[in-house]
Participant: 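There's a structure below that I have some questions on.
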Amino acid sequence: MQMFDVYPVYDVAVVRGEGSRVWDDKGNEYLDMYGGHAVISIGHTAPEYVAALERQLSEIGFYSNSVVIKRQSELAELMGRLTGKPDYALFLVSTGAEANENALKLASFHTGRRKVVAFRGAFHGRTSLAVAATDNPGIVAPVNETDNVVFLPFDDKQALREYFAAHGPEVAAVIVEGIQGVAGIRVASDGFLRAVRELCDRYGAVFVADSVQCGCGRTGRYYSHDWAGVDADIYTMAKGIGNGFPVAALAIAPHIKPRHGMLGTTFGGSYLACAAAIAVSEVMLRDNLMDNAARTGEYLMERLREVPNVKELRGRGLMIGIEFPFETAAMRKKLVYQERIFVGSAGKHTIRLLPALNIGKAEADRAVEALIKLASDGEVTGM
């Protein structure tokens, strides 16, 4: 049997990691400025994280949610402290798509409505309703197509107000990323997010804040939406909260009430998942990693202004997009094979930086110097 070939990959076999560095099977060291899609939040193989998983596995690895799992309550208390929303309730799942799927389902249960407002450029996952709310027809199978999702222009208050004026009583939820990652690090303005809150309040819809990539303190606040000074009804989280272990969650405002059987999961909230997320949360609190993300992100943005031929710099904290006027495929290949640095991409022209929240200036400088070098290379830029 062979792997189902759906991923374009670099010819690099990563076999070991430590902090913001990884090594391939030939012993080459790489700087990881991407963290595997914003997953690595406290560094590869962080000692506290490894110890927590080893300790938990030696006790018990799994039982179903039909019994009391005290680790879940421990994680919920920590998440309340980290997010500053201790009155919210936690529902644990395994992936970001699953979190968004359940958030939209919960919004429909709560309101008794069907319509979901999403936005151009959105990426909410690859499962049924999550992918229907994702603005990429190429990954929406015919079975996922639905008239229940409408796409509006991102960060356009007027379009949002006009839609609600015409259809407000039909809207179950508005789902929006505080920063659109796949679309190229597009930051939602504070005024736009406040408009979402205002209209959801006026028409009784649920504000779903997709924080799968832009959460976990990456922007300097736990949820990037928090910069707007408003609270969502449901926050969805994944990626960085488990540092590589598949953990995802919904934080649900107290006015949305549960009932037995309305949601469910086999692996969500397992002993191992909770152990991983607890270790991440404890390290984030102890080391003030949200503050570091803000400070190092500001430093990195300042240094990136030295890179030539940049069309636009976008982002907040350690979620940064660098858009060039040329296609970046050649640059990314040279970054990997020549400079030994992993970065991400968004479309053909934007490089994404999503490093661990505890990187320092030395790692930032190394990445910037490599970008300065390659953005001056005519073979790369075609200029």
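Start at 1 with the first residue, then count along the sequence. When reading the values below, keep in mind they use all heavy atoms of this one structure, side chains included, and skip hydrogens, waters and symmetry mates.
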Participant: Under the 6.0 Å and 45° cation-pi test, does Lys361 pair with Tyr299?
Facilitator: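 Because its charged atom sits under 6.0 Å from the ring centre and within 45° of the axis, Lys361 does stack over Tyr299.
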Participant: Taking only Lys NZ, Arg NE, NH1 and NH2, and the carboxylate oxygens of Asp or Glu, determine whether Arg295 and Glu298 approach each other closer than 4.0 Å.
Facilitator: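 Between Glu298 and Arg295 there is no salt bridge, as every charged N stays at least 4.0 Å from the carboxylate O atoms.
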Participant: Quick one: does any side-chain atom of Arg218 pair with a main-chain N or O of Pro355 as donor and acceptor, under 3.5 Å?
Facilitator: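 Judged by distance alone, yes, a pair lies under 3.5 Å.
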Participant: Are Asp155 and Arg186 close enough for a salt bridge, meaning some N to O gap below 4.0 Å?
Facilitator: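 Salt bridge flag = no for Arg186 with Asp155.
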Participant: Do Asp156 and Arg161 sit within salt-bridge range, that is, some charged N less than 4.0 Å from a carboxylate O?
Facilitator: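 No.
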Participant: Could I get the full list of ring pair (Phe, Tyr, Trp, His ring centres under 6.0 Å) partners for Phe245, not counting sequence neighbours?
Facilitator: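 Scan of Phe245 (ring pair (Phe, Tyr, Trp, His ring centres under 6.0 Å), adjacent residues dropped) gives none.
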Participant: So does Val171 get a backbone contact from the side chain of Arg113, meaning a donor-acceptor N/O pair under 3.5 Å?
Facilitator: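 Present.
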Participant: To the nearest 0.5 Å, tell me how far Leu353 CG sits from Ile359 CD1.
Facilitator: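 If I round to the nearest 0.5 Å, the distance is 8.5 Å.
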Participant: Considering residues at least two apart in sequence or located in another chain, which fulfil the salt bridge (Lys or Arg N to Asp or Glu O under 4.0 Å) criterion with Lys311?
Facilitator: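 Salt bridge (Lys or Arg N to Asp or Glu O under 4.0 Å) check on Lys311 returns Glu323.
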Participant: Is the number of heavy atoms from other residues, nucleotides or ligands within 6.0 Å of CZ (Arg114) greater than 12?
Facilitator: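 12 or below, so no.
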Participant: Between Glu18 (side chain) and Val22 (backbone), is there a donor-acceptor pair under 3.5 Å?
Facilitator: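 No, because the side chain of Glu18 does not come within donor-acceptor range (under 3.5 Å) of the backbone of Val22.
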Participant: List in chain and number order the residues that pass side chain to side chain donor-acceptor pair (under 3.5 Å) with Asp377, two or more places apart in sequence or in another chain; answer none if no residue qualifies.
Facilitator: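 Counting only residues at least two positions away or on another chain, Asp377 forms a side chain to side chain donor-acceptor pair (under 3.5 Å) with Lys334.
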Participant: Anything under 3.5 Å between a donor and an acceptor, one on a side chain of residues 263-276, the other on a protein residue two or more places apart or in another chain? List them.
Facilitator:
from   : atom 1 : to     : atom 2 : distance (Å)
Thr265 : OG1    : Gly268 : N      : 3.0
Ser270 : OG     : Ala273 : N      : 3.1

Participant: Looking at Ala293, is its backbone amide N or carbonyl O close enough to the side chain of Thr296 to form a donor-acceptor pair, meaning the two atoms are under 3.5 Å apart?
Facilitator: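 Not a single qualifying donor-acceptor pair exists.
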Participant: Is atom CG of Asp147 surrounded by more than 12 heavy atoms (other residues, nucleotides or ligands) closer than 6.0 Å?
Facilitator: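 Counting other residues, nucleotides and ligands, CG of Asp147 stays at 12 neighbours or fewer.
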Participant: Using the ring pair (Phe, Tyr, Trp, His ring centres under 6.0 Å) criterion, which residues pair with Tyr223? Sequence neighbours excluded.
Facilitator: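 Listed in chain order: Tyr235.
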Participant: Decide, yes or no, whether a salt bridge links Arg366 with Glu369 under the criterion of side-chain N to carboxylate O below 4.0 Å.
Facilitator: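 Salt bridge between Arg366 and Glu369, a charged N being under 4.0 Å from a carboxylate O: no.
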Participant: Residues in salt bridge (Lys or Arg N to Asp or Glu O under 4.0 Å) with Glu48, at least two apart?
Facilitator: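 Here the qualifying residues are Arg286.
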Participant: Does the Asn28 side chain pair with the main chain of Asp24, one donor and one acceptor, at a distance under 3.5 Å?
Facilitator: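 Checking the backbone N and O of Asp24 against the side chain of Asn28, no donor-acceptor pair under 3.5 Å is found.
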Participant: Do Arg21 and Asp32 meet the salt-bridge criterion of a basic N to acidic O distance under 4.0 Å?
Facilitator: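 Salt bridge between Asp32 and Arg21, a charged N being under 4.0 Å from a carboxylate O: no.
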Participant: Is a side-chain N or O of Lys257 found less than 3.5 angstrom from the main chain of Pro254, in a donor-acceptor match?
Facilitator: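 Yes; at least one donor-acceptor contact below 3.5 Å.
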Participant: Should the ring pair Tyr10 and Phe342 be called parallel, tilted or perpendicular, given that the plane angle runs from 0 to 90° and is split at 30 and 60?
Facilitator: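 Correct class here is tilted.
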Participant: For Glu282, give me all partners under side chain to side chain donor-acceptor pair (under 3.5 Å), at least two apart in sequence or on another chain.
Facilitator: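 For Glu282 there are no side chain to side chain donor-acceptor pair (under 3.5 Å) partners, ignoring immediate neighbours.
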Participant: Using a 3.5 Å distance criterion without hydrogens, assess whether the side chain of Asp287 forms a donor-acceptor pair with backbone atoms of Met284.
Facilitator: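 No; judged by distance alone, with no hydrogens or angles, the pair does not exist.
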Participant: Tell me, please, which residues at least two apart from Tyr63 pass side chain to side chain donor-acceptor pair (under 3.5 Å).
Facilitator: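 Checked Tyr63 against side chain to side chain donor-acceptor pair (under 3.5 Å); zero matches.
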Participant: Just to verify, what does Asn148 make a side chain to side chain donor-acceptor pair (under 3.5 Å) with, not counting sequence neighbours?
Facilitator: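 In terms of side chain to side chain donor-acceptor pair (under 3.5 Å), with neighbours along the sequence ignored, Asn148 is linked to Thr146.
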Participant: Kindly determine whether Ser41 and Leu289 satisfy side chain to side chain contact (heavy atoms under 4.5 Å, CB included), including the steps that lead there.
Facilitator: CA-CA 9 Å; Ser41 51; Leu289 291 191; over 6 Å; no
Participant: Can you check side chain to side chain contact (heavy atoms under 4.5 Å, CB included) on Ile278 and Val280, steps first, answer last?
Facilitator: CA-CA 5 Å; Ile278 287 166; Val280 170; over 6 Å; no
Participant: Which heavy atom of Thr381 sits nearest a heavy atom of Leu374, and at what distance?
Facilitator: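 For Thr381 versus Leu374, the nearest heavy atoms are CG2-O, 4.0 Å.
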Participant: Please check if Met301 and Leu318 belong to a single hydrophobic cluster, counting links between Ile, Leu, Val, Met, Phe, Trp and Tyr side chain heavy atoms closer than 4.5 Å.
Facilitator: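 The answer is yes; both residues are in one hydrophobic cluster.
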Participant: Where the side chain of Ser189 meets the backbone of Phe192, is there a donor-acceptor pair that is under 3.5 Å apart?
Facilitator: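 The answer is yes, because a donor-acceptor pair under 3.5 Å joins these two groups.
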Participant: One pair to check against side chain to side chain contact (heavy atoms under 4.5 Å, CB included): Thr134 and Ile139. What are the steps and the verdict?
Facilitator: CA-CA 9 Å; Thr134 291; Ile139 63 171; 4.0 Å; yes
Participant: Of the non-hydrogen atoms in Ala173 and Val208, which two are nearest, and what is the gap between them?
Facilitator: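 For Ala173 versus Val208, the nearest heavy atoms are CB-CG2, 4.2 Å.
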Participant: Is Arg332 paired with Glu339 through a side-chain N to carboxylate O contact shorter than 4.0 Å?
Facilitator: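 Not counted as a salt bridge, because no side-chain N and carboxylate O are separated by less than 4.0 Å.
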Participant: Evaluate the side chain to side chain contact (heavy atoms under 4.5 Å, CB included) criterion for residues Val174 and Leu199: first the C-alpha distance (whole Å), next the side-chain angles of each, then the deciding distance (0.1 Å), finally the verdict.
Facilitator: CA-CA 10 Å; Val174 177; Leu199 290 163; over 6 Å; no
Participant: Tell me every residue that passes ring pair (Phe, Tyr, Trp, His ring centres under 6.0 Å) with Phe91, counting only those two or more places apart in sequence or in another chain.
Facilitator: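 Applying ring pair (Phe, Tyr, Trp, His ring centres under 6.0 Å) to Phe91 gives none.
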Participant: So does Leu104 get a backbone contact from the side chain of Ser108, meaning a donor-acceptor N/O pair under 3.5 Å?
Facilitator: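 No, the answer is negative, given that no donor and acceptor are paired below the 3.5 Å cut-off.
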Participant: Is a donor from one side chain sitting under 3.5 angstrom from an acceptor on the other, for Gln56 and Arg71?
Facilitator: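 On atom types as modelled, these side chains qualify, holding a pair under 3.5 Å.
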Participant: Quick check against the 3.5 Å criterion: does Arg352 have a side-chain atom that pairs as donor or acceptor with the backbone of Ile320?
Facilitator: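 No.
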Participant: Restricting to non-hydrogen atoms, name the atom on Ala367 and the atom on Leu31 that form the minimum distance, rounded to 0.1 Å.
Facilitator: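 What the structure gives for the nearest pair is N-CD2, 4.2 Å.
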Participant: Same cluster or not: are Leu304 and Leu354 linked, directly or through other Ile, Leu, Val, Met, Phe, Trp or Tyr residues, by side-chain heavy atoms under 4.5 angstrom apart?
Facilitator: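 Looking at the clustering, Leu354 is in a separate group from Leu304.
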Participant: Indicate whether the side chain of Asp231 and that of His225 have a donor and an acceptor atom separated by less than 3.5 Å.
Facilitator: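 No, no side-chain donor-acceptor contact under 3.5 Å.
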Participant: Report the residues that fulfil ring pair (Phe, Tyr, Trp, His ring centres under 6.0 Å) with His37, sequence neighbours left out, ordered by chain and then residue number.
Facilitator: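 So His37 forms a ring pair (Phe, Tyr, Trp, His ring centres under 6.0 Å) with Tyr34.
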Participant: What donor-acceptor contacts under 3.5 angstrom involve side-chain atoms of residues 116-132, with partners at least two apart or in another chain?
Facilitator:
from   : atom 1 : to     : atom 2 : distance (Å)
Arg120 : NH1    : Asp135 : OD1    : 3.1
His124 : ND1    : Asp210 : OD2    : 2.6
Thr127 : OG1    : Glu101 : OE1    : 2.7

